Every structure is written in C-alpha cells, then in structure tokens.
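Working notes, beginning with the structure itself.
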Amino acid sequence: MHGTIRAMHDPVHHTLEEESQLVQIRLQKLRQLRELGLDPFAIERYETTHPLQAIHDEYEQLEGKTVAVAGRIAAIRKMGKATFAHLMDSTGKLQIYLKADEQGEKYDLIDLWDLGDYLGVQGFVFKTRTGEITVHVQSFTMLAKAIRPVPFPKEKGEQRWYELHDVEQRYRQRYLDLLVNPESRQRLLARCRMIREIRRFLDERSFLEVETPVLQPMAGGAAARPFVTHHNALDREFQLRIALELHLKRLLIGGIDRVYEIGRVFRNEGISTRHNPEFTMLELYQAYANLEDIMSLVEELFRHVAERVFGTTVFEMHGVQVDFARPWQRIRLMDAIRERTGLTEADFETLEDAVRAAEKVGIYVERKDTIGGIIEKVLEKCVAEHLQQPTFVYGFPIDTSPLAKREPDNPRFTRRFEGYLFGKEVANAFSELNDPLEQRARFEQQYALRQAGDEEAHPFDEDFLHAMEYGMPPAGGLGIGIDRVAMLLTGTDSIREVIFFPQMREG
RNA sequence: GAGCCGGUAGCUCAGUGGUAGAGCAACGGACUUUUAAUCCGUGGGUCGAGGGUUCGAAUCCCUCCCGGCUCACCA
C-alpha cells in the first residue's frame, strides 16, 4: 500500500532519449516526416469509404472501383520498386499495393513506415495474381505513428509466429494483446457481446435497466468483505458494494416490477484464476414471479446468449459437451449431497452432527461455520464438480440464505437455487423474502453470527427493513456472475482472460 | 498465506562457473504481383533488483520484486 501511494505521488519520469535504438529510429522517422510537412500527429480526420472487411465482403461490386480505407500497418513487404503491406482495423485486414513509377518521389516515404503506424490510402480494388483482394494505392497519408515497435506476428494462413505469449505482458499491456492475438480479441469481444445480448434479452421482456449506488454506508446483499473508502466532505466511511440486491429490491418496492442492473461489484478477498477483486454481476428482480419462473428465464437467457453470440447452443469444456437447447436438470440440494456422499438430512440435524458429517467426507470446518455453511461446503467440495451439465440445485439452508423465502413445508431450507454449469456455479436465485417481520428476524440471526466473529455475516440494514415495511411484492430474483459465465462459454480457465484489465500487483 | 515453476535483445526462446547467442523485428544494399517474400551485410543486452561465494557468476547461495500453476481463502 505504501508503494502504491509513493508511486502516485512520485512517479518515475521516463525520457524517450533513454529508450532503445528501435525507438530512436522511429523518432528520427517522425522528425523526417515533420520536416517534409507531413506531421502524422497533425492529422485529425481521414474520410474512408469502407471498413477493411467490407472490401472483401463486397468485392464483386467494388472490383475496379476507387475506395478509401484506413488502418494500422500490420505487415510490410517491400520488393524494390513494388511494395505490399497489410492494413488492419477492427473489422479485419486488407492488403495494399504500391508501385514506384506511379508514386514518384512519394515512394520513398515508404521507408518511413513502420509496423503499427496508421495509414489512410485511396486506390482501386483488384485481385493479385495469387488471388488476394488488394487495394492498388494511388495516394496515401500517414495518420499516426507508432514510436514503439508493435509486436505484430508473422502470419501465413492460420499459422502465426512470434506472437506475444508472455502472460504478464498480455495482461499489463492488453492493448498489445488485443492487437496481435486474435484469440484474446475474440474472447474479450465475446464477453462484450454477451452483455449486449443479455440486455437485449431483458429489454425484450420489459425489464428496466437501472443504476444504483456503488458507495454505500453498509455493503450488503452477499457474504463478503467489502472495500472501505472515505468521503472527505461528509467525513465518513463508505463501503463499495458487494452486491446489487438491496437497492434493486428498494426499486421493486418503488413500483418497478421488472428491474435489472449489470454492474461492477467489489469484494475484498483473494485474487486467483477465478477471482478478481472487481467483477461484473447481473441481478434482476421480477415481481409476481416464483423460483420456477426464474429457472425458465435462466434457461432461455443462456440459450439466447449462446445462439446470438456464438451461433450455437452446444458448448464443450474439458471434453464435456452441453446443449442449452435442452432444459436444465433440477435436483434438490440434499438429494444431490446424498447421491454423492451418502449423507442425509439427518446427518446435519445439529451443528455437532454437521461437523461430524463434514469430517466424514474430509472437509475442514471453521469455528464460524453454521449447519448451512457446512452443507454448502459439502456441495462445493463433493458435489459441484459432478454438475457438468446445466443443473439447478435448489433448497438451500436457511442460515446461508437470509434474503430468501422459506420452503413452506421444510422451514430449515429456502426457496433458493444455484445454477451449475461445467461444475461451476453461474447463477443464484431466490423467491425473495418479502415479509418484513421475518426479514428482521433473519437479520437478527446474522447479527448474532457477526458478533460471534463471522465477518461475512449479513449486516443489519435497518433502512432496507424500513423500505420493506411499506410492502414488497412477491418476486423472483436472480444473480449471475458475468465473468464466470464468459469463462465457461469461451472455454477459458482464467477470469483474467475475460476481463480487459484484470487486477495486477504494481509492476 | 503455502508449495512448485518462471523473469536473458522490440517479440519468441536457447544458454548450469570461463569473452552473452539464434530466429523474427530493426538498420544498409539488391529486387515492379509479394504474402512467414527472398538474397547479402550491420547494429542491438543493467541476463528482474540487491547482496554473497569465487581468480571469474546469466549460471551457485541468500533476500526481495513481478508473474504463472496448484492448494488455502472465497455463497
């Protein structure tokens, strides 16, 4: 922490004079361009007729026509008095071709080009004798210069050489990763498209997207340690939200019957391949809907996202295939535990029973654990890995579900399910508790746990109770960890691969 | 937090005690339909940081920094 503060107040200033020979050469080229009155950084605008991919897609109509395109130089092949290069933009790549006798003196400017520079060109579309669609350049302008070498790989068809492999550099300099590694780009763009399709799906169903506070007096709605910050003018402590739940429920109380938020939440916990301190949650609430309605919604949501973003409902990970065209399996939590461990509800009757049961299946129990906490540990350690096919596990213990309605005929458990996919939890949903008297009692229980040393027990939120006392409709609620889902649907084991700028130590 | 592995040129990597290397990239030259262009030539390094052992350390030892993986933690 001290290091961070020092870095903020006393940054190291680098001068380009200290940089490598490669940078010096590029700076020299920039100076030459400026002396010629061709300062690339003076350019503001370059009017293009097509994105690069469109030249390929519309070749039939464009052949022989004049077009203007722009992009980064991703490859150059200069062969004396003829030069080929590839431009790259966000849609794709396109080859360009220049001849010395047509360019005259300007042909020498090619010597001032480097990989990574931005170029705008105008010319006519043709096919080379090897059949590659190409723009025969008549005029060109450098639109910006890269004064550091951009590590574009050599490519031949699908093969690539010398790409940027170093994982640390890929994360710290994601812009380079995006430029040179198409898989990274595809994976991260898929995440963005998933979020877009989730919005479309919910908007089509009349859900209203809202924004609720990140800075909260008391972060609730989940069990996690919060980040703490300070508001100077008010001279008081705030916490960064760990969930969206309690404010969205206030909106439900306020008459917004279908409401959702896709937003960043913050949990002050360890960093791992599956945990980033800030991550993206979807939470939605639907008045007058029950748990089964939410299950159907989840099935439809995954199917929609799969089809729209990936063009298929079939996904594979570690050799397991799933199909979102089929309904999810449904199993009661205690039944799933019995199937995998032989333990039954009777083995979790008292805390002593539960501790003994946990030891039987090799689970380490902490002093703060409740019966429900132990049951959930058994789920995580003994059952979850077997839930490869999309599965709803329902009937969660009451003491780990302080915001969910009880099961009417089994009051130790709640109307709550978790969705599992490829052995990982991807969704969490309840029939929302809307009885303010019981909610108060649940908060009392959580308060007692907190007093007993459980830092993650739910805080006693009097303001939220007050809101609920004005009347909250029966409702189904859902939370989905977007990053986890993105991992599973893009087939990656690291959350850092689906977050543009994952949290790193100071480097 | 623990264990294991790693950090060498712009990029990808080799180099286990004896003058820091290769390919690509860069630079100079040849080449007017190439596409990992080709051919000839040249330059380029705080070997993550600091300390130690040694006549001599990228290499062995210690401490630290950064990263990856596994475990722990994590509804």
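Quick caveat: nothing in here was measured; it's all calculated off a predicted structure. Residue numbers start from 1 in every chain, and the chains themselves are labelled A, B, ... in the order their sequence lines are given, proteins ahead of strands. Side chains are part of it too, since the values below use all heavy atoms of this structure and drop only hydrogens, waters and symmetry mates.
For the pair F84(A) and A37(B), the ring geometry does not qualify as stacking, because the centroid separation below 5.5 Å and plane angle under 30° are not jointly satisfied.
Here, C60(B) and G3(B) have their C1' atoms 22 Å apart, quoted to the whole Å. A gap of 33 Å separates the P atoms of U19(B) and G28(B), to the nearest Å.
Closest approach to the A223(A) side chain among A37(B), C13(B), A75(B) is made by A75(B) (side chain taken as heavy atoms from C-beta onward). Of the listed nucleotides (A36(B), U34(B), A75(B)), U34(B) has the atom at the smallest distance from the side chain of E132(A). Set against U33(B), C73(B), U32(B), the side chain of Y364(A) has C73(B) as its closest nucleotide.
Contact annotation: R505(A) side-chain N/O to G67(B) OP1/OP2 distance is under 4.0 Å. Phosphate proximity of U70(B) to T273(A): present, with a side-chain N or O under 4.0 Å from OP1 or OP2. Using a 4.0 Å cut-off, no side-chain N or O of R148(A) falls inside it from OP1 or OP2 of G10(B). Note on K381(A): a side-chain N or O is less than 4.0 Å away from OP1 or OP2 of C73(B).
Other residues, nucleotides and ligands place no more than 12 heavy atoms under 6.0 Å from the CD atom of E105(A). The 12-atom threshold is exceeded at OH of Y59(A), counting heavy atoms of other residues, nucleotides or ligands nearer than 6.0 Å.
Pairing for U63(B) goes to A49(B), judged as Watson-Crick or G-U wobble with the two contacts each under 3.5 Å. G43(B) is unpaired under the Watson-Crick or G-U wobble criterion, no partner having all donor-acceptor distances under 3.5 Å. Across all strands shown, G10(B) is found opposite C24(B) as a Watson-Crick or G-U wobble partner, with both distances under 3.5 Å. A 3.5 Å limit on both hydrogen-bonding distances identifies G3(B) as the Watson-Crick or G-U partner of C69(B). The base-pairing partner of A30(B), taking Watson-Crick or G-U wobble contacts with both distances under 3.5 Å, is U38(B).
In this pair, F124(A) and H136(A) present their aromatic rings parallel. The plane angle is below 30°, not in the 30 to 60° band. The aromatic rings of F266(A) and F227(A) lie perpendicular to each other, with more than 60° between the two planes, well past the 30° mark.
Considering R191(A), R264(A), K424(A) as possible partners of D483(A), the one that fulfils the salt bridge (charged side-chain N to carboxylate O under 4.0 Å, His left out) test is R191(A).
Scanning atom types as modelled, one donor and one acceptor separated by under 3.5 angstrom connect the side chain of R77(A) and the base of U34(B). One donor-acceptor pair, N or O on each side, does fall under 3.5 Å between the base of U34(B) and the side chain of Q95(A).
Both L164(A) and A100(A) lie close to RNA chain B; mapped to their nearest nucleotides by heavy-atom distance, the more 5′-ward contact belongs to L164(A).
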Protein N or O to nucleotides 23-27 of chain B N or O, pairs below 3.5 Å:
from   : atom 1 : to      : atom 2 : distance (Å)
G23(B) : O2'    : Y162(A) : OH     : 2.8
C24(B) : O4'    : Y162(A) : OH     : 3.4
C24(B) : O3'    : K154(A) : NZ     : 3.3
A25(B) : OP1    : K154(A) : NZ     : 2.5
C27(B) : OP1    : K29(A)  : NZ     : 2.3

Grab the N/O contacts between the protein and nucleotides 2-7 of chain B below 3.5 Å, and write none if there aren't any.
none

Could you go through the salt bridge (Lys or Arg N to Asp or Glu O under 4.0 Å) check for R332(A) and E339(A) one step at a time?
CA-CA 11 Å; R332(A) 195 173 165 72; E339(A) 274 181 23; over 6 Å; no
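At distances below 3.5 Å, at least one donor-acceptor pair connects side-chain atoms of R416(A) with backbone N or O atoms of T400(A). Q439(A) places a side-chain N or O within 3.5 Å of a backbone atom of P402(A) that can act as its donor or acceptor partner.
Salt-bridge check for K145(A) with D114(A): passed, with a basic side-chain N closer than 4.0 Å to an acidic carboxylate O.
Between W113(A) and F140(A), the ring centre distance stays below 6.0 Å.
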